[in-house]
Undergrad: 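The structure that follows is given in the form of structure tokens.
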Amino acid sequence: MPGSSGQQGEKLPRAFYLRDARTVARELLGKELVRESPEGSASGIIVETEAYLGVPDRASHAFGGKRSRRTAVMYEAGGRAYVYLIYGMYWCLNVTCREEETPECVLIRALQPFTGVELMARRRHAEGKRPAVLANGPGKLCRALRIDGALYGEDLRGDVLYILDRPLPEDAEIAASPRVNIGYAGEAVHHEWRYFLKGNPCVSR
DNA sequence: GACCGGATTGGC
DNA sequence: CCAATCCGGTCC
């Protein structure tokens, strides 16, 4: 489905999201995340993601079936934004996956700035810096695209925050590694559920 | 370049 | 009390 029937430049279909978070995480690489706002439009190519497998995953906010105001959107059908605050000051964007009551999601960790690059630089107070550094981390990309709690639960098929189908470049190579900063998560630490485009200068860390 | 601490707030 | 982070400082 994704890749096969997908149309370049179209919003990803609902069905794209209703799948295993690892599949969605891999297939989101190369897609274009777009943010429309009164200040203008800005977007980036997704170059790094992490899959969070919900109830059985110690690193997931929904581990053990945990429900709260924060995790609620993960229990809805996939294709929405799960936005949360971390370390008291940075926002992180996740894309929810799977059907209702299956709280899997994908953390978007890094973007290659694509359109509205100057707007992104202004929001990051990083005017004049290399574009590669504007959104190479989950907190940075949220700041660059002005993604915050106001976008919690936003439908990714709407007109505010959405993801466009794009083909992966011919030479793109997908690599996997353990997820970042989840040292507390016991056995889950070892799973290689972080995906990124090998050699891309916008991948974090 | 590597390493370290501080910022800052909601969730369990 | 700690967290799915970032930035600016220091000291190589």
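A, B, ... follow the sequence lines: proteins, then strands. Residue 1 opens every chain. What you are looking at is a predicted structure, and each value in this text was computed from that prediction instead of being measured.
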Undergrad: Side chains of Arg80(A) and Thr96(A): do they bring a donor and an acceptor to under 3.5 Å?
TA: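 Arg80(A) vs Thr96(A): no donor-acceptor pair found between side chains.
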Undergrad: Does any part of the side chain of Trp193(A), heavy atoms only, come nearer than 4.5 Å to the side chain of Thr49(A), both counted from C-beta?
TA: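 Result no, sub-4.5 Å side-chain heavy-atom pair not found.
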Undergrad: Whether the Ser204(A) and Arg109(A) side chains hold a donor-acceptor pair (N or O, under 3.5 Å, no angle test) is what I'd like checked.
TA: yes
Undergrad: Can Ile163(A) be reached from Leu29(A) by stepping across I, L, V, M, F, W or Y side chains whose heavy atoms are under 4.5 Å apart?
TA: yes
Undergrad: Say whether Ile108(A) and Ile174(A) are linked into one hydrophobic cluster, either directly or through other cluster members, by side-chain heavy-atom distances under 4.5 angstrom.
TA: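 In one cluster: yes.
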Undergrad: Mind checking the P distance from dA4(C) to dC3(B)? Whole angstroms is fine.
TA: 22 Å
Undergrad: Is any side-chain heavy atom of Tyr82(A) closer than 4.5 Å to one of Tyr152(A)?
TA: yes
Undergrad: Hey, any chance Val47(A) and Leu168(A) share a hydrophobic cluster, counting ILVMFWY side chains that come within less than 4.5 Å of each other, even indirectly?
TA: yes
Undergrad: If we only count heavy atoms from C-beta on, is the Tyr17(A) to Leu12(A) side-chain gap below 4.5 Å?
TA: yes
Undergrad: Between Asp171(A) and Lys198(A), does at least one N-O distance fall below 4.0 Å, as a salt bridge requires?
TA: no
Undergrad: So what does the secondary structure string of DNA chain B come out as, 5' to 3', with Watson-Crick or wobble pairs under 3.5 angstrom, [ ] for crossing and | for pairs with another strand?
TA: |||||||.|||.
Undergrad: What is the 5' to 3' range of DNA chain B, first to last nucleotide, that sits under 4.0 Å from any heavy atom of chain A?
TA: dA7(B) to dC12(B)
Undergrad: Between dC7(C) and dG10(B), how far apart are the C1' atoms? Round to whole Å, please.
TA: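 Looking at atom C1' only, dG10(B) and dC7(C) are 22 Å apart.
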Undergrad: Can you tell whether the side chains of Arg19(A) and Glu27(A) come within less than 4.0 Å, N to carboxylate O?
TA: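 Result for this pair is yes, salt bridge flagged.
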Undergrad: Detail all sub-3.5 Å separations between protein N/O atoms and N/O atoms belonging to nucleotides 2-9 of chain C.
TA:
{"from": "dA4(C)", "atom 1": "OP1", "to": "His61(A)", "atom 2": "NE2", "distance (Å)": "3.1"}
{"from": "dA4(C)", "atom 1": "OP2", "to": "Tyr184(A)", "atom 2": "OH", "distance (Å)": "2.7"}
{"from": "dA4(C)", "atom 1": "N9", "to": "Tyr84(A)", "atom 2": "OH", "distance (Å)": "3.3"}
{"from": "dA4(C)", "atom 1": "N7", "to": "Ala59(A)", "atom 2": "O", "distance (Å)": "3.2"}
{"from": "dA4(C)", "atom 1": "N7", "to": "His61(A)", "atom 2": "NE2", "distance (Å)": "3.1"}
{"from": "dA4(C)", "atom 1": "N1", "to": "Asn94(A)", "atom 2": "OD1", "distance (Å)": "2.6"}
{"from": "dA4(C)", "atom 1": "N3", "to": "Tyr84(A)", "atom 2": "OH", "distance (Å)": "2.8"}
{"from": "dT5(C)", "atom 1": "OP1", "to": "Arg109(A)", "atom 2": "NH1", "distance (Å)": "3.4"}
{"from": "dT5(C)", "atom 1": "OP2", "to": "Asn181(A)", "atom 2": "ND2", "distance (Å)": "2.5"}
{"from": "dT5(C)", "atom 1": "O3'", "to": "Gly139(A)", "atom 2": "N", "distance (Å)": "3.4"}
{"from": "dC6(C)", "atom 1": "OP1", "to": "Pro138(A)", "atom 2": "N", "distance (Å)": "3.1"}
{"from": "dC6(C)", "atom 1": "OP1", "to": "Gly139(A)", "atom 2": "N", "distance (Å)": "2.8"}
{"from": "dC6(C)", "atom 1": "OP1", "to": "Lys140(A)", "atom 2": "N", "distance (Å)": "3.1"}
{"from": "dC6(C)", "atom 1": "O4'", "to": "Tyr90(A)", "atom 2": "OH", "distance (Å)": "3.2"}
{"from": "dC7(C)", "atom 1": "OP1", "to": "Arg124(A)", "atom 2": "NH2", "distance (Å)": "2.0"}

